[in-house]
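Notes follow once the structure below has been shown.
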Amino acid sequence: HQLNGTLDSLNAIVSRVCLDYDHTTGTWIERETSNPASLMRFVLESGALARPVPTSGIDLAILEDWHDFCRIKGLKYDRVIDFEIRLGDLLKEICAAGRARHRHDGLKWGVVIDRPQPLVIDHVNPRNSHSFSASRIYLRHPHAFRVKFQDASNDYQPGERLIPWPGHVGPITEVEELELPGKTDPDEIWVEARRRMYEVMHRPDKYTVMQDGASRVATRGDKVVVSTDVFDRQRFAGLVRWIDGRMVELDEDVRMVEGKTYALRWRIGVTKDDPIGTSIVRQVVTRPGRSRALALVGADVPPLDALVHFGEMATIDMPLIVTGVEAGTGFSTILHMVDAAE
């Protein structure tokens, strides 16, 4: 009764109503939401798919954890999807808005969140891997990023923000476009653009290594520590051949220098039910020169035949995040890694 003639267009500000995780009750309830975790579940279970994913095929525990992460960080995804898009591309967009990546572990859908991880999943070294390589792209950073978006603070009218590069002083003459699909909050635009800048600054390196065997411990998103003498000759990986009290003998000599602090890293608590265990680091008494016998500080000692990492305490190995796992020839596996968010 309010309209006359032909309706050519209709404008509205709408919200997605779907199952959303309620952290206070620990349940999923139907309500308006822009949380990437809830939207990922909605997309996977959507009738728009030829084969919607059943709830049993989604790792809800991981999504609930991610939902809290997005809620606390104020991360949202708001985009009108009125065009054809592949499922993988849409999930990539939604997850990127929540600082994560989608993953299917062979049983369920989940995500890998880009955040500091305390648990070390695997120790990688020349004794259990080979063909380690590292590469770095040297970039000339622009003066700023320009981000175009639908401004939620201005009735979703087209807007843009110019975010200067950290440390830049002076006029802004070199600008690059940055796309942040689903971002409509000007404040969030600033934070996420700055975060991308810091990623470029602090993650310039990419690493690859090959491991033989059909099975592996680490997968995409896991934190590993890599010991290699490519960057530091003090680093060493070897086997424990003899133990006497706090004295440990390795299968090869290591070298220590006066005035420096050294340590050993090894894994404890590995069982049939827990193949990961716990990675621990213990200080070594510095005795200048080359020797196979090391005296540990404290009561903990590695078991006989344990694979250990040796090096300076602060740089005993490199904490990295596995970004991809690629199948190699002869049942080998290629791990792609970047620096961990510490």
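These numbers come from a predicted model, not from an experiment. We number each residue from 1, following the sequence as shown. Reckoned from all heavy atoms, side chains included, excluding hydrogens, waters and symmetry mates.
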Are Trp165 and Leu139 connected, step by step, through hydrophobic side chains (Ile, Leu, Val, Met, Phe, Trp, Tyr) whose heavy atoms are closer than 4.5 Å?
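Yes; tracing contacts between hydrophobic side chains, which count when under 4.5 Å, links both residues.
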
Salt-bridge test for Arg71 and Asp68: reply yes if a basic N is under 4.0 Å from a carboxylate O, no otherwise.
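Result for this pair is yes, salt bridge flagged.
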
Ion pair Glu176/Arg196, N-O distance below 4.0 Å:
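Salt bridge between Glu176 and Arg196, a charged N being under 4.0 Å from a carboxylate O: no.
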
Starting from the C-alpha separation in whole Å, work towards a yes-or-no answer on side-chain hydrogen bond (donor to acceptor under 3.5 Å, both in side chains) for His130 and Asp212.
CA-CA 9 Å; His130 59 91; Asp212 293 327; 3.3 Å; yes

If you count the non-hydrogen atoms of other residues, nucleotides and ligands that lie under 6.0 Å from CZ in Arg79, is the total more than 12?
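Atom CZ in Arg79 is packed in, count exceeds 12.
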
I'd like to know whether CZ of Arg203 has more than 12 heavy-atom contacts from other residues, nucleotides or ligands below 6.0 angstrom.
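Above 12, so yes.
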
Decide yes or no for Leu91 and Leu44: does some side-chain heavy atom of the first lie under 4.5 Å from some side-chain heavy atom of the second?
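The answer is yes; the side chains approach within 4.5 Å.
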
Side chains of Tyr156 and Thr184, heavy atoms from C-beta outward: is any pair under 4.5 Å?
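Side-chain contact under 4.5 Å: yes.
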
Return a table of donor-acceptor pairs under 3.5 angstrom between the side chains of residues 225-232 and protein atoms on other chains or two or more places apart.
from	atom 1	to	atom 2	distance (Å)
Thr228	OG1	Val230	N	3.2
Asp229	OD2	Arg233	NH1	3.4
Asp232	OD1	Gln234	N	2.9

Under the side chain to side chain donor-acceptor pair (under 3.5 Å) definition, can you give me all pairs with a residue in residues 288-298, not counting sequence neighbours?
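Output for this query lists Asp253-Arg292.
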
With no hydrogens and no angle check, do the side chains of His309 and Asn125 hold a donor and an acceptor under 3.5 Å apart?
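Judged by distance alone, the side chains do pair up.
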
Kindly write out the residues that satisfy salt bridge (Lys or Arg N to Asp or Glu O under 4.0 Å) with Asp8, not counting sequence neighbours, or none if the list is empty.
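None.
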
Measure up the Tyr21 and His67 rings against each other and bin them: parallel (under 30°), tilted (30 to 60°), perpendicular (over 60°).
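Ring orientation of Tyr21 relative to His67: perpendicular.
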
